[in-house]
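Residue numbers begin at 1 in each chain, while the letters A, B, ... track the order of the sequences.
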There are 2 protein chains.
Amino acid sequence: MPDPHQKELVQRIVKNMLDIQLLRILQANPLWGYMIKKKIETNFKIKLRHGALYPTLNSLERKGFLKSQKQTHEGRARKIYTITNAGKEYLQSYYNIIKDQLENKDLQ
Amino acid sequence: MPDPHQKELVQRIVKNMLDIQLLRILQANPLWGYMIKKKIETNFKIKLRHGALYPTLNSLERKGFLKSQKQTHEGRARKIYTITNAGKEYLQSYYNIIKDQLENKDLQ
DNA sequence: TACAATATGTCCTTTATTGGACATATCTTA
DNA sequence: TAAGATATGTCCAATAAAGGACATATTGTA
């Protein structure tokens with residue numbers, strides 16, 4: 001039996017830190033929104049509204065953390081997102097913080 | 001020069017995961033609200049409204065993650081919070097998730 | 001030909017959160 | 001004695017976020 005709190009916590013983290021999770025996915029591979037949605041839903045076993053995803057992707061692009069290029073694949077127009085160096089730096093800042101939390105579990 | 005994103009990210013994490021940060025602090029030592037506020041403000045170098053802190057502490061107690069006992073110290077009434085086993089388990093679930101994020105940085 | 005899947009977007013009403021104020025009480029210091 | 005620090009709480013109007021619908025287009029399948 002898995003951890004009873006885990007699902008609730010994962011849901012909170014993905015909801016509040018959606019941009020970070022998107023950067024994590026795109027640091028592995030450039031992808032388009034629809035595929036990112038599928039990936040989050042299968043990986044985290046949660047629902048993700050596309051009405052929340054697409055504005056977040058556009059916002060990350062406006063901030064310079066992602067860049068996009070339009071492609072047409074089998075008649076379907078896809079917007080492929082790639083992480084930028086600024087995006088990688090932002091993600092690394094997040095990793096630094098949670099690394100610190102793990103190394104210093106009891107906040108003195 | 002420190003990381004320019006760090007302050008913004010720390011603020012987001014403390015805001016969205018305030019309960020987790022409270023459990024982290026109380027896992028180290030039982031403390032009262034006012035002292036917790038000071039600790040968060042000096043540790044994270046951010047402001048924390050007591051109007052946000054006290055309801056969160058009460059909520060954690062209702063969930064069984066904290067227990068409290070009233071003390072009077074030099075005429076001041078303090079409500080000392082101690083983390084429960086359930087609280088420790090919840091915090092450990094959080095650590096498990098961020099540990100996984102660090103070990104699996106690129107979400108495949 | 002209708003329905004499901006792929007693909008990306010916006011809009012709007014409802015719900016949740018925020019910041020700041022209101023409230024009360026004691027102790028210490030100027 | 002007034003102001004600042006310690007200590008804990010609530011309340012509410014303004015703001016932000018969420019869920020779900022609306023919108024459009026193509027492809028594949030029953």
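Between C/dT8 and A/Tyr54, a contact under 4.0 Å exists linking OP1 or OP2 to a side-chain N or O. Look at B/Arg76 and you won't find any side-chain N or O under 4.0 angstrom from OP1 or OP2 of C/dT26. Applying the 4.0 Å criterion to OP1 and OP2 of C/dG9, one finds that A/Lys79 has a side-chain N or O inside that range.
A/Asn85 and A/Glu89 share no donor-acceptor pair across their side chains, judged by distance under 3.5 Å alone.
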Can you tabulate the close N/O pairs, meaning under 3.5 Å, that link protein atoms to atoms of nucleotides 19-23 of chain D?
from   : atom 1 : to      : atom 2 : distance (Å)
D/dG19 : OP2    : A/Arg49 : NE     : 2.8
D/dG19 : OP2    : A/Arg49 : NH2    : 3.3
D/dG19 : N7     : A/Arg49 : NH1    : 2.5
D/dG19 : N7     : A/Arg49 : NH2    : 3.4

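Rounded to whole angstrom, the span from the CD atom of A/Gln71 across to the C1' atom of C/dA7 amounts to 13 Å. Rounded to whole Å, the distance from CG on A/Leu18 to P on D/dA16 is 19 Å. The interatomic distance linking A/Trp32 (CH2) with D/dA25 (P) rounds to 22 Å, in whole Å. We find that NE2 of B/His73 is positioned 13 Å from C1' of C/dT26, with the value rounded to whole Å. The distance between atom CG of A/Leu48 and atom P of D/dA18, rounded to the nearest whole Å, is 11 Å. Protein atom CG of B/Leu53 is 9 Å distant from nucleotide atom P of D/dT8, rounded to whole Å. Rounded to an integer number of Å, the gap from NZ of A/Lys47 to C1' of D/dA18 is 16 Å. In this structure, the CE atom of A/Met35 is 12 Å from the C1' atom of C/dA5, given to the nearest Å.
Residue B/Lys38 is classed as a sugar-phosphate contact, given heavy-atom separations below 4.0 Å to backbone atoms only.
Within the 3.5 Å criterion, the main-chain N or O of B/Lys7 finds no donor-acceptor partner in the side chain of B/Lys45. Counting only distance, with no hydrogens or angles, the side chain of B/Thr84 and the backbone of B/Gly64 share a donor-acceptor pair below 3.5 Å.
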Could you walk me through whether A/Ile25 and A/Asn43 pass the side chain to side chain contact (heavy atoms under 4.5 Å, CB included) check?
CA-CA 10 Å; A/Ile25 288 170; A/Asn43 256 284; over 6 Å; no

Test A/Arg24 against A/Leu91 for side chain to side chain contact (heavy atoms under 4.5 Å, CB included), laying out the working first.
CA-CA 7 Å; A/Arg24 286 182 73 214; A/Leu91 184 56; 3.7 Å; yes

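Here ring pair (Phe, Tyr, Trp, His ring centres under 6.0 Å) pairs that include residues 67-108 of chain A, with residues two or more places apart or in two chains, are A/Phe65-A/Tyr90, A/Tyr90-B/His5.
Atom OG1 of B/Thr82 and atom CD of B/Glu61 lie 9.5 Å apart (nearest 0.5 Å).
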